[in-house]
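Before any comments, here is the structure.
Per chain, numbering begins at 1; letters A, B, ... match sequence-line order. The shown structure was predicted, so the numbers you read here are calculated from the model rather than taken from an experiment.
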There are 2 protein chains.
Amino acid sequence: MPAEPQDAHRPDHAPLELERFLPYRLSILSNTVSQAIADDYQARFDLSVTEWRVMAVLARFEGLSAREVAERTAMDKVAVSRALARLVEAGRVNRGTHEGDKRRSVLSLSEAGWEVHDVVAPMARAREREVLAKLDADEQAWLSRILDKLLGPPVPPRSGQPQSGAEATVA
Amino acid sequence: MPAEPQDAHRPDHAPLELERFLPYRLSILSNTVSQAIADDYQARFDLSVTEWRVMAVLARFEGLSAREVAERTAMDKVAVSRALARLVEAGRVNRGTHEGDKRRSVLSLSEAGWEVHDVVAPMARAREREVLAKLDADEQAWLSRILDKLLGPPVPPRSGQPQSGAEATVA
DNA sequence: GCGTTATAGTTACATATGAAACCATTTGCA
DNA sequence: TGCAAATGGTTTCATATGTAACTATAACGC
């Protein structure tokens with residue numbers, strides 16, 4: 001028999017109820033969902049989540065630089081650099097050099113990359129549908145709206161200055 | 001000027017729109033929120049997220065075993081073991097041995113542990129409030145309801161058998 | 001009782017991740 | 001021009017995390 005809550009016992013300590021705590025619940029949900037999808041392709045294509053995200057972005061926007069990929073995936077540039085190294089190595093991404101700025105790379109999916117993409121993207125979408133199927137139409141609409149709000153402007157700073165640094169995580 | 005979407009270009013490939021993709025959005029949101037909270041205590045108390053979660057559970061349920069902590073935090077037992085090693089080392093958690101079952105440990109917060117808890121818990125709650133403040137009352141209610149549904153039964157299997165293995169991630 | 005199997009917890013190894021240092025190139029501007 | 005500062009990208013190092021193997025104890029079947 002599991003121990004019982006001590007709330008009453010130590011009213012002065014006001015412990016968190018983890019299972020009702022928003023950040024905790026989000027974390028569990030996010031991990032569960034992402035893991036379910038990753039399980040579909042990870043072993044099959046030897047593809048990590050970060051690599052897949054890079055591919056997904058390059059599928060929509062050809063010719064991006066690594067930095068632009070980082071912005072659009074909300075990953076930091078080190079993670080992107082590593083993912084790209086593996087993807088290029090595996091022949092899934094073509095990497096050229098920007099004319100006029102030799103620092104920048106110019107990235108796109110290769111044929112092999114597209115083949116992987118065209119298998120993984122539908123699987124990912126199917127998983128998303130599975131998750132959403134647990135909700136009715138109303139709930140789906142609210143969820144979308146809520147996420148828009150929560151993900152929107154990082155946090156309205158007291159006054160007007162555009163705050164710096166905060167976008168590093170979300171970008 | 002950033003490249004433009006290739007959707008029209010390659011209608012056959014149907015790329016994912018990452019920024020509308022539920023798993024992706026959840027991941028960003030979860031990371032952003034958790035990170036904001038962690039920033040509050042990580043450096044200040046040299047406390048990791050997993051350690052904090054263990055502490056939060058022990059604050060509510062005294063005398064749990066490591067396995068029970070793992071269940072309640074949805075972390076795996078290795079992570080819990082490591083977190084506990086550090087917490088005990090730091091004098092924040094007391095670890096005894098269960099009478100009648102010498103395999104089990106009996107865990108509780110020490111005085112020092114409670115002191116940390118009593119600073120961190122209110123900070124965590126305050127951050128949660130900040131996030132929720134972006135939503136109006138309706139939206140907050142829907143969010144709670146939606147999370148309940150999404151986090152509920154892992155996934156209704158076609159028929160009735162209780163499926164095994166799925167709880168490993170959520171527990 | 002006694003061997004087999006299950007359970008609590010830790011350790012070892014391999015991989016992933018983040019921060020900071022590091023090149024190379026480009027930009028800003030005196 | 002020419003040099004300091006900024007930018008794109010990679011590498012290094014330290015830390016985190018997951019899987020599997022391992023130890024110790026307990027439970028089960030006979």
Quiz item: Got a sec, which residues hit salt bridge (charged side-chain N to carboxylate O under 4.0 Å, His left out) with B:Arg86, two or more places apart in sequence or on another chain?
Solution: B:Asp46, B:Glu51

Self-check item: A:Glu68 CD - D:dT7 P separation (whole Å)
Solution: 14 Å

Practice problem: Only counting residues at least two apart or in another chain, list the ones meeting salt bridge (charged side-chain N to carboxylate O under 4.0 Å, His left out) with B:Arg103. | Solution: B:Asp101

Quiz prompt | Close side-chain approach of B:Phe21 and A:Ile37, heavy atoms under 4.5 Å | solution = yes

Quiz item: Counting only non-hydrogen atoms, which of residues 77-92 of chain B are less than 4.0 Å from DNA chain D?
Solution: B:Val78, B:Arg82

Quiz item: So do the side chains of A:Leu150 and B:Arg25 get within less than 4.5 Å of each other, counting heavy atoms only?
Solution: no

Quiz item: Has A:Ser105 got a side-chain N or O lying under 4.0 Å from the OP1 or OP2 atom of D:dG9?
Solution: yes

Exercise. Give a yes or no on whether the backbone of A:Leu26 and the side-chain of A:Ser30 come within a donor-acceptor separation of less than 3.5 Å.
Key: no

Quiz prompt | Earlier contact from the 5' end, DNA chain C, for B:Arg104 and A:Gly100 | solution = B:Arg104

Self-check item: Within residues 38-48 of chain A, residues whose heavy atoms come under 4.0 Å of DNA chain D
Solution: none

Quiz prompt | Between D:dT11 (C1') and A:Asp76 (CG): distance, integer Å | solution = 14 Å

Exercise. Keeping the roles fixed (side chain from B:Gln140, backbone from B:Leu135), state whether a donor-acceptor pair exists under 3.5 Å.
Key: yes

Exercise. Examine distances only and state if a side-chain atom of B:Glu128 and a backbone atom of A:Pro23 form a donor-acceptor pair shorter than 3.5 Å.
Key: no

Self-check item: Distance, rounded to the nearest Å, where B:Lys102 contributes NZ and D:dA24 contributes P
Solution: 13 Å

Self-check item: DNA chain C: 5'-proximal contact among B:Leu107 and A:Arg103 (nearest heavy atom)
Solution: B:Leu107

Quiz item: First and last nucleotide of DNA chain C in contact with chain B, 5' to 3', at under 4.0 Å to a heavy atom: what are they?
Solution: C:dA6 to C:dA12

Practice problem: Would you please classify the geometry between the B:Tyr41 ring and the B:Trp52 ring as parallel, tilted or perpendicular, with 30° and 60° separating the classes? | Solution: tilted

Quiz prompt | B:Gln35: which of B:Thr32, B:Asn31, B:Asp39 passes side-chain hydrogen bond (donor to acceptor under 3.5 Å, both in side chains) | solution = B:Asp39

Quiz item: What residues form a salt bridge (charged side-chain N to carboxylate O under 4.0 Å, His left out) with A:Arg82, not counting sequence neighbours?
Solution: none

Quiz item: Does some side-chain heavy atom of A:Arg95 sit less than 4.5 Å from a side-chain heavy atom of A:Ser110?
Solution: no

